[in-house]
> 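Before I ask anything, here is the structure I am working with.
This structure is a prediction, so every number in the text was calculated from the model and none was measured.
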Amino acid sequence: MNGIVMTKTKGLLLLVVLVIVVNVIFFFAADDKKTKQETSNTDAAHAQTAAAVDAPHQGYQRHQAGYGLSLELPETWVLMSAEQTKELEKVSESVTGISRDDKAISLSANANKDGKLNTATVRVVFTDKSFGKDDLLHLTRSNIDDVCEVISSSLTPSLEKINSTLTSAVTCSLSTVNNTPAFLAEFHRKGILDNDDWEVKSYQLPLAEKTAVLTVTYNVTSQASKNEIDTVLHSVKFN
């Protein structure tokens with residue numbers, strides 16, 4: 001690998017680490033918050049961004065997240081308001097020390113409006129495109145393992161600040177979402193409001209204009225939530 005390619009690869013890996021850590025911490029911070037079912041007038045832009053466009057499966061509703069990415073969510077789930085999202089962004093930044101200025105949260109939904117009763121969450125974030133599908137496909141197994149090591153070492157101290165901890169090793173792989181290449185980081189962690197085990201999967205998907213970060217998590221004691229998350233992941237479409 002020549003010097004130019006090596007530098008580009010290191011830059012790509014650093015970006016992958018930062019995006020995953022920031023979004024995962026933001027994700028956890030939502031555990032102890034209540035989600036509003038109603039969307040106020042000040043949240044109109046957020047509501048339009050995550051607007052429902054069709055409902056191909058019974059009991060689910062398709063939402064357009066942006067940049068051609070859409071997915072289905074159970075009709076009983078609730079979207080977080082723009083105000084709540086901004087509040088959680090501040091929490092994430094204070095814990096990680098990393099600004100989210102170049103990122104835009106397009107869709108954030110919980111299975112329950114009360115954080116204490118919530119058993120699953122879905123987030124879609126768009127960040128400036130810094131790598132493409134070819135870059136991902138050229139990552140070696142060694143590159144991917146290095147990313148996991150850095151993600152794990154970065155997550156551990158951040159999770160401690162929000163009363164959580166890793167309960168499994170971080171594993172990373174090159175995956176796909178509806179035939180679109182993705183960098184996948186997955187692990188288990190302790191619930192913030194309980195001692196239950198939660199599974200986390202974070203997909204980075206390079207799109208035409210942006211990189212989409214799709215993060216899902218669910219309480220492993222809830223088979224219903226696992227089934228819902230599986231349906232959500234299989235419902236992702238790119239227009």
> With a cut-off of 3.5 Å and sequence neighbours excluded, list every side-chain donor-acceptor pair involving residues 171-188.
unit_1 : atom_1 : unit_2 : atom_2 : d
Thr171 : OG1    : Glu186 : O      : 3.4
Asn178 : ND2    : Val236 : O      : 3.1
His188 : ND1    : Asp197 : OD2    : 2.7

> With rounding to the nearest 0.5 Å, note down the distance linking OG1 in Thr121 to CD1 in Ile229.
7.5 Å
> What I'd like to find out is whether the side chain of Trp77 reaches to under 4.5 Å of the side chain of Val122, using heavy atoms alone.
yes
> Could you walk me through whether Leu71 and Gln64 pass side-chain contact (heavy atoms from CB on, under 4.5 Å), step by step?
CA-CA 7 Å; Leu71 50 76; Gln64 183 67 43; over 6 Å; no
> Test your reading of the model: is there a side-chain donor-acceptor pair from Ser152 to the backbone of Cys148, 3.5 Å cut-off?
no
> How close do Pro157 and Ser153 get, counting heavy atoms only, and between which atoms?
CD-O, 3.1 Å
> As a quick check of understanding, evaluate side chain to side chain donor-acceptor pair (under 3.5 Å) for Thr140 and Asn143, giving each step before the final call.
CA-CA 5 Å; Thr140 65; Asn143 294 151; 3.0 Å; yes
> Would you check if Leu214 and Val125 make a side-chain contact, meaning some heavy-atom pair closer than 4.5 Å?
no
> Please name the pair of heavy atoms, one in Ile144 and one in Arg141, separated by the smallest distance, quoted to 0.1 Å.
CG2-NH2, 3.1 Å
> Do Thr119 and Leu117 have side chains that approach each other closer than 4.5 Å (heavy atoms only, starting at C-beta)?
no
> Got a donor-acceptor contact below 3.5 angstrom from the Asn227 side chain to the Ala224 backbone?
no
> Under 4.5 Å between any side-chain heavy atoms of Leu73 and Leu107, yes or no?
yes
> Residues in side chain to side chain donor-acceptor pair (under 3.5 Å) with Ser168, at least two apart?
none
> Could you tell me whether the side chain of Asn118 and the main chain of Ala111 form a donor-acceptor pair under 3.5 Å?
yes
> Quick one: closest heavy-atom pair of Val232 and Glu72, and the distance?
CG2-O, 3.3 Å
> For Leu155 versus Leu166, what's the shortest heavy-atom pair and its separation?
CD1-CD2, 4.3 Å
> Applying side chain to side chain donor-acceptor pair (under 3.5 Å) to Ser108 and Arg123, what does each step give before you reach the verdict?
CA-CA 5 Å; Ser108 181; Arg123 304 277 186 269; 2.8 Å; yes
> Quick one: are Phe126 and Glu209 in side-chain contact, heavy atoms under 4.5 Å?
no
> Checking Ser70 against Arg62: is there a side-chain donor and acceptor pair closer than 3.5 Å?
yes
> Find out whether Tyr203 and Thr215 are in side-chain contact, i.e. whether some heavy atom of one side chain is under 4.5 Å from a heavy atom of the other.
no
> Mark yes or no for whether Thr211, through its side chain, and Thr127, through its backbone, hold a donor-acceptor pair below 3.5 Å.
no
> Can you confirm whether Lys237 sits close enough to Leu69 that some side-chain heavy atom of one is under 4.5 Å from a side-chain heavy atom of the other?
no
> Is the closest side-chain heavy-atom distance between Leu205 and Val213 below 4.5 Å?
no
> Partners of Lys226 by side chain to side chain donor-acceptor pair (under 3.5 Å), sequence neighbours excluded?
Asp230
> Check step by step if side chain to side chain donor-acceptor pair (under 3.5 Å) holds for Asn219 and Ser225.
CA-CA 7 Å; Asn219 187 319; Ser225 292; over 6 Å; no
> To check you understand the geometry: which heavy-atom pair defines the closest contact between Phe131 and Gln204, and what is its length?
CZ-OE1, 3.6 Å
> Does a donor on one side chain sit under 3.5 Å from an acceptor on the other, for Tyr218 and Glu199?
yes
> What heavy-atom pair brings Arg189 and Ser164 nearest, and what distance separates the two atoms?
CD-OG, 3.8 Å
